[in-house]
Amino acid sequence: MDLLDGRGMLNEEVIQAGVGGRWAVRVMECVTSTNDELKARVVGETPEVLFAEHQTAGRGRRDHVWEAPPGQDLLMSVACRPSAEAAQWPRATTAAAVAVCEAIESETPLAPLIKWPNDIVVNGRKVAGILAESCSPGGRVQLVLGIGLNVNRECFEPFLSEVATSLRLALGERVHRPLDREALAVSLLERLAVRLFALESGFPAILEEARNRSALLGRQVRASVRGVRVFGRAIDLDREGGLVLQLSDGSRAVLTSAEEVRPAGEQGGFWK
Ligand code: BTN
């Protein structure tokens with residue numbers, strides 16, 4: 001059976017040539033999860049990226065399943081050891097979210113926003129998700145960052161079609177052929193190389209870019225803070241990228257990325 005249904009596999013050589021020596025690039029047809037594959041490998045001096053056309057056990061945050069039709073989207077993970085100390089690695093989700101937006105902006109006329117902490121949305125629908133994990137294969141701590149970007153997919157399961165989209169669907173009549181996945185991949189890796197290695201001194205600038213592209217700041221949201229449901233207005237990102245809420249009693253709460261948030265009034269969500 002042809003997993004790719006006649007579609008060409010991502011071209012490893014083209015992506016490698018595009019990023020030069022900044023990343024060691026691998027493309028595989030089928031893996032369980034690109035995150036799991038890279039978590040088992042000790043990364044060397046050169047950061048690594050693995051793309052897969054199909055995942056049999058693709059994961060999102062909170063152990064949700066991430067599914068994508070083979071050969072149409074970007075399913076990728078990068079493994080690296082950022083120069084910042086490990087305590088600052090949680091900043092990587094914000095850095096990656098900015099990098100994903102920048103890549104979409106450079107390759108399309110779309111205006112993506114960050115739905116804190118790890119979703120990228122276009123026209124209110126999710127187009128990408130980020131899953132940051134750390135691991136220590138061989139005793140060496142490293143960061144693995146998975147990104148699922150819906151590029152050329154033209155249909156979604158009924159339960160997702162209201163809340164998810166792809167770049168191609170969002171572009172509508174403006175494109176008449178599949179988007180160039182290799183060009184997007186190169187652009188994304190270039191942006192990631194800049195942002196992931198600026199987690200320390202470059203983080204204020206990353207935060208500013210994240211604030212400018214926030215889908216939540218200024219909006220009423222409902223959230224679960226350490227198990228307690230709260231309502232408030234999202235007013236800022238704190239210095240670590242936490243979401244600052246102004247609650248109705250005038251107090252403030254800061255959400256860490258482990259907590260769940262939704263715009264008030266929005267039913268359901270990408271993950272049911
Ligand atoms: C989320 O939205 O919760 C994060 C989704 C992350 C999905 C990507 S696809 C490539 C990489 N491998 C995985 O198993 N997950 C990430």
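In listed order, ligands and their atoms are each counted from 1.
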Enquirer: Measuring from the heavy atoms of H64, does anything fall under 4.0 Å of ligand 1?
Expert: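 H64 does not count as a contact of ligand 1 under the 4.0 Å cut-off.
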Enquirer: Considering the heavy atoms of N118, write down every atom of ligand 1 situated less than 4.0 Å from one of them.
Expert: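 Ligand 1 atoms under the 4.0 Å threshold to N118: 1 (C), 2 (O), 3 (O), 4 (C).
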Enquirer: Quick one: do the S251 and D249 side chains pair a donor with an acceptor below 3.5 Å?
Expert: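 The answer is yes; a qualifying pair exists.
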Enquirer: Go through ligand 1 atom by atom and flag the ones less than 4.0 Å from a non-hydrogen atom of M76.
Expert: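 Close to M76: 10 (C), 11 (C).
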Enquirer: Under 4.0 Å, heavy atoms only, figure out whether ligand 1 is touched by the backbone of K126, its side chain, both or neither.
Expert: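 The part of K126 near ligand 1 is the side chain, not the backbone.
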Enquirer: Give the contacting part of I147 toward ligand 1: side chain, backbone, both or neither, where contact means a heavy-atom distance below 4.0 Å.
Expert: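 For I147, only backbone atoms sit under 4.0 Å from ligand 1.
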Enquirer: State, without any angle test, whether S77 and N35 hold a side-chain donor-acceptor pair at a distance under 3.5 Å.
Expert: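 Their side chains do contain a donor-acceptor pair, which is all the 3.5 Å distance test asks for.
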Enquirer: Classify the contact between A52 and ligand 1 as side chain, backbone, both or neither, using a heavy-atom distance cut-off of under 4.0 Å.
Expert: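 Within the 4.0 Å criterion, A52 makes no contact with ligand 1.
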Enquirer: Can you tell me if E209 uses its side chain to pair, donor with acceptor, with the backbone of R213 under 3.5 Å?
Expert: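 Not a single qualifying donor-acceptor pair exists.
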Enquirer: Quick one: which ligand 1 atoms are inside 4.0 Å of a heavy atom on G60?
Expert: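 Heavy-atom distances to G60 below 4.0 Å select 1 (C), 3 (O), 4 (C), 5 (C).
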Enquirer: Using side-chain hydrogen bond (donor to acceptor under 3.5 Å, both in side chains) as the criterion, point out the one residue from T34, D36, T32 that pairs with R59.
Expert: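 It is D36, the one option of T34, D36, T32 that forms the side-chain hydrogen bond (donor to acceptor under 3.5 Å, both in side chains) with R59.
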Enquirer: At less than 4.0 angstrom from any non-hydrogen atom of S33, what atoms of ligand 1 do you find?
Expert: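 Reading through ligand 1 atom by atom, the close ones are 12 (N), 13 (C), 14 (O).
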Enquirer: What atoms in ligand 1 come closer than 4.0 Å to a heavy atom of R61?
Expert: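 Counting from 1, the qualifying ligand atoms are 1 (C), 3 (O), 4 (C).
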Enquirer: In terms of atom number and element, which parts of ligand 1 are under 4.0 angstrom from non-hydrogen atoms of R59?
Expert: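 Counting from 1, the qualifying ligand atoms are 5 (C), 6 (C), 7 (C), 13 (C), 14 (O), 15 (N), 16 (C).
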Enquirer: Using the side chain to side chain contact (heavy atoms under 4.5 Å, CB included) rule, take E162 and R125 through it: C-alpha gap first, then chi angles, then the decisive distance, then the call.
Expert: CA-CA 7 Å; E162 292 296 308; R125 295 179 183 203; 4.3 Å; yes
Enquirer: Check this for me: does any side-chain nitrogen of one of R195 and E102 sit under 4.0 Å from a carboxylate oxygen of the other?
Expert: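 Yes, charged N to carboxylate O under 4.0 Å.
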Enquirer: Would a hydrophobic clustering, with Ile, Leu, Val, Met, Phe, Trp and Tyr connected at side-chain separations under 4.5 Å, put V221 with V230?
Expert: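 Yes, because V221 and V230 connect within a single hydrophobic cluster, where side-chain heavy atoms sit under 4.5 Å apart.
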Enquirer: Under 4.0 Å from a heavy atom of S77: give me the atoms of ligand 1 that qualify, with their elements.
Expert: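 What qualifies from ligand 1 is 11 (C).
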Enquirer: Output the list of atoms in ligand 1 that are nearer than 4.0 Å to some heavy atom of G58, sorted by atom number.
Expert: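 Ligand 1 atoms under the 4.0 Å threshold to G58: 14 (O).
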Enquirer: Do S106 and S187 have side-chain N/O donor and acceptor atoms under 3.5 Å apart?
Expert: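 Yes, S187 and S106 have a side-chain donor paired with an acceptor closer than 3.5 Å.
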